[in-house]
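Each remark here refers to the structure printed beneath this line.
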Amino acid sequence: MSKEKGIPPGWSYNPASWGQRMPIVIAAMVGFAIATYLALFQLKVIDTVWEPFFGNGSQKILTSKTSQLLPIPDAALGAIGYLVDALAGIIGGTRRWRTMPWIVIAFGLAVGPLGFISVLLVVLQPVLYDAWCTLCLVTALISVVMIGPAMDEMLASLQYMKRVKDAKVSMWKAFWGYKEVQGRVI
Amino acid sequence: MWAQVINAILGIWLMAAAAILGYADDKTITNNEHILGPVIASFAIISWWEATRVVRLYNVPLGLWLLLAPWVLGFDNTAATVNSTLVGALVTGLSFVKGKIEDSYGGGWSAVWKSDTLHAREASRQPRVDLDK
């Protein structure tokens with residue numbers, strides 16, 4: 001059964017199925033679109049930014065010192081982060097938790113820090129600048145919502161790596177999905 | 001999961017409470033709530049999914065801190081004190097509510113380093129044929 005459906009041993013479903021992965025990829029694309037819009041404002045390509053609730057809050061936050069800490073504006077970095085998440089979510093088939101653990105684990109690791117930094121920025125908005133930025137809050141919510149559903153697939157890959165280790169098969173080759181070790185461990 | 005939905009709402013409430021309850025001028029109280037609110041909401045949201053349900057427990061120390069904060073930080077505003085203790089008590093209590101786990105996850109996170117786990121036993125039972133796809 002697990003051979004056809006790609007369900008990991010001891011699991012009741014396949015965390016790498018498209019039904020599991022597509023919502024995360026869509027969320028990441030929405031995050032990418034919003035972050036790109038905010039980055040265009042920060043790069044002065046567009047003059048105003050949409051802010052329905054907090055007056056000039058978005059403007060204040062998006063032009064703050066924190067947002068210019070790095071050579072490129074923080075929303076542009078966010079956009080890159082969402083794009084990496086979307087790509088890491090879409091690459092590979094429905095058995096990728098064992099055919100290419102590297103992408104699944106990279107995916108899990110990419111989702112984590114993006115969420116962490118988003119929450120940190122949400123904390124800094126009112127504490128340092130006494131302002132809120134609606135779209136920044138929306139992107140933060142998106143990156144937090146992506147964490148939970150990305151982690152189950154990473155768990156399946158990590159359990160697979162544990163079985164590889166116990167079977168004394170090369171963990172290096174299994175991690176990168178070398179053909180010669182495929183099927184040696186289920 | 002409902003308990004963690006409530007905790008997420010409580011976290012978001014903390015972000016708005018100072019402005020709504022009218023003590024936004026007090027920086028100590030407001031900063032405390034503005035720091036804890038997003039973090040509590042994030043941990044609660046991450047634990048909506050079964051595989052990461054354990055993350056709900058990270059909110060236990062944060063809820064306890066909210067319970068104690070009015071005295072540790074010396075709040076001099078009744079509304080803020082009531083709000084902090086009430087939200088703290090609710091977050092702490094609700095963090096312990098695990099809720100239903102309907103799917104199985106090969107033994108969970110501890111199965112990544114432990115031996116003789118559900119996924120290892122299930123894998124050894126399956127015939128190793130035609131897996132080279």
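The model shown is predicted, which means the values in this text are computed figures rather than measured ones. What you see below is based on every heavy atom in this structure, not just the backbone, and it leaves out hydrogens, waters and symmetry mates.
- Of the atoms belonging to A:L141, it is side-chain heavy atoms, and not backbone ones, that fall under 4.5 Å from chain B.
- Outside the 6.0 Å centre-distance limit, the rings of A:W132 and A:F53 are not counted as a close aromatic pair.
- Formation of a donor-acceptor pair under 3.5 Å by the A:Q42 side chain with backbone atoms of A:L62 is found in this model.
- At distances below 3.5 Å, at least one donor-acceptor pair connects side-chain atoms of B:Q4 with backbone N or O atoms of B:V97.
- In this structure, A:F32 has its ring center at least 6.0 angstrom away from the ring center of A:Y37.
- Contacts with chain A were tallied for B:K27, B:R121, B:H34; B:H34 has the most, counting heavy-atom pairs under 4.5 Å.
- Heavy atoms only, all atoms of each residue included: A:L77 and A:L70 are closest at CD1-CD1, 3.2 Å.
- Contact of A:L155 with chain B is made through backbone and side chain together, with heavy-atom distances under 4.5 Å.
- Note on A:M154, A:M151, A:Q125, A:M146: by heavy-atom pairs under 4.5 Å with chain B, the leading option is A:M151.
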* **Residue pair B:R53, B:E50: steps toward the salt bridge (charged side-chain N to carboxylate O under 4.0 Å, His left out) verdict** => CA-CA 5 Å; B:R53 186 63 52 84; B:E50 292 183 2; 5.1 Å; no

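- No part of B:W48 comes within reach of chain A, as not one of its non-hydrogen atoms sits under 4.5 angstrom from that chain.
- Interface summary for chain B: among A:D166, A:L158, A:V181, the most heavy-atom pairs under 4.5 angstrom belong to A:L158.
- For A:L137, the part lying near chain B is the side chain, with the backbone staying farther off; criterion is any non-hydrogen pair under 4.5 Å.
- Considering only heavy-atom pairs separated by less than 4.5 Å from chain A, the leading option among B:S104, B:S47, B:A18, B:A51 is B:S104.
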